[in-house]
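We count residues from 1, following the sequence as given. Keep in mind the model is a prediction, meaning the values are calculated, not measured.
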Amino acid sequence: QVQVVESGGGLVQPGGSLRLSCVASGSISRLTTMGWYRQAPGKQRELVAIIARGGSTNYAASVKGRFTISRDNAKNTVYLQMNSLKSEDTAVYYCYVIVGVSYWGQGTQVTVSS
């Protein structure tokens, strides 16, 4: 089985920054796409950012220019650097990886508040 574990969430003031990390382990033959989704209270889960193995990226319009996704293939790790955080970024952030099929992490809470 594949394990996906996120870390780095917490409480931050508007305008602040956080860096999320996600490590995949277990029965992994080859990771292709890795990425981040989030779900805020009362809202549907939405894509935040994805990154292919070769490094190409896609971002939600709401975070483009503020968030940066990156990965370390040797460590099976994906990162999400979040800058200029807004209250509307408050959500549970979920890591996902594709290794044949999609696998999800348990989520990490990000709260942006004064």
| note | side-chain hydrogen bond (donor to acceptor under 3.5 Å, both in side chains) filter on N73, not counting sequence neighbours, yields R71
| request: Just jot down the side-chain hydrogen bond (donor to acceptor under 3.5 Å, both in side chains) partners of S7, sequence neighbours excluded, or say none. | output: none
| Qualifying side chain to side chain donor-acceptor pair (under 3.5 Å) pairs, either residue in residues 105-114, two or more places apart | E6-Q106, Q109-T111
| task | Hey, could you give me each pair passing ring-ring contact (aromatic ring centres under 6.0 Å, His included) that has a residue in residues 3-34? Not counting sequence neighbours. | result | none
| task | Give the minimum heavy-atom separation between V110 and G9, together with the two atoms involved. | result | CG2-CA, 4.2 Å
| query | Between atom CD of Q3 and atom CD of Q1, what is the distance when rounded to the nearest 0.5 Å? | reply | 6.5 Å
| request: If a pair satisfies disulfide (SG to SG under 2.5 Å) and one of its residues is in residues 42-82, list it, with sequence neighbours excluded. | output: none
| Sequence neighbours excluded - side chain to side chain donor-acceptor pair (under 3.5 Å) pairs with any residue from residues 92-101 | R38-Y93
| said: Who clusters with Y79? Use side-chain heavy atoms, under 4.5 angstrom, across I, L, V, M, F, W and Y, and order the result by chain and number. | reply: none
| note | Rounded to the nearest 0.5 angstrom, the CE-OG1 distance for M82 and T68 is 11.0 Å
| task | Please round to the nearest 0.5 Å and tell me the distance separating atom CD1 of I98 and atom OG1 of T32. | result | 5.0 Å
| Under the side-chain hydrogen bond (donor to acceptor under 3.5 Å, both in side chains) test, residues paired with R19 that sit two or more places apart | none
| field | Where at least one partner belongs to residues 45-73, residue pairs that pass ring-ring contact (aromatic ring centres under 6.0 Å, His included), sequence neighbours excluded | value | none
| request: Quick one: which residue pairs count as a disulfide (SG to SG under 2.5 Å) with a foot in residues 35-93, not counting sequence neighbours? | output: none
| query | Excluding sequence neighbours, so at least two apart, what forms salt bridge (Lys or Arg N to Asp or Glu O under 4.0 Å) with R66? | reply | D89
| query | Which pairs, with at least one residue in residues 71-114 and sequence neighbours excluded, count as a disulfide (SG to SG under 2.5 Å)? | reply | C22-C95
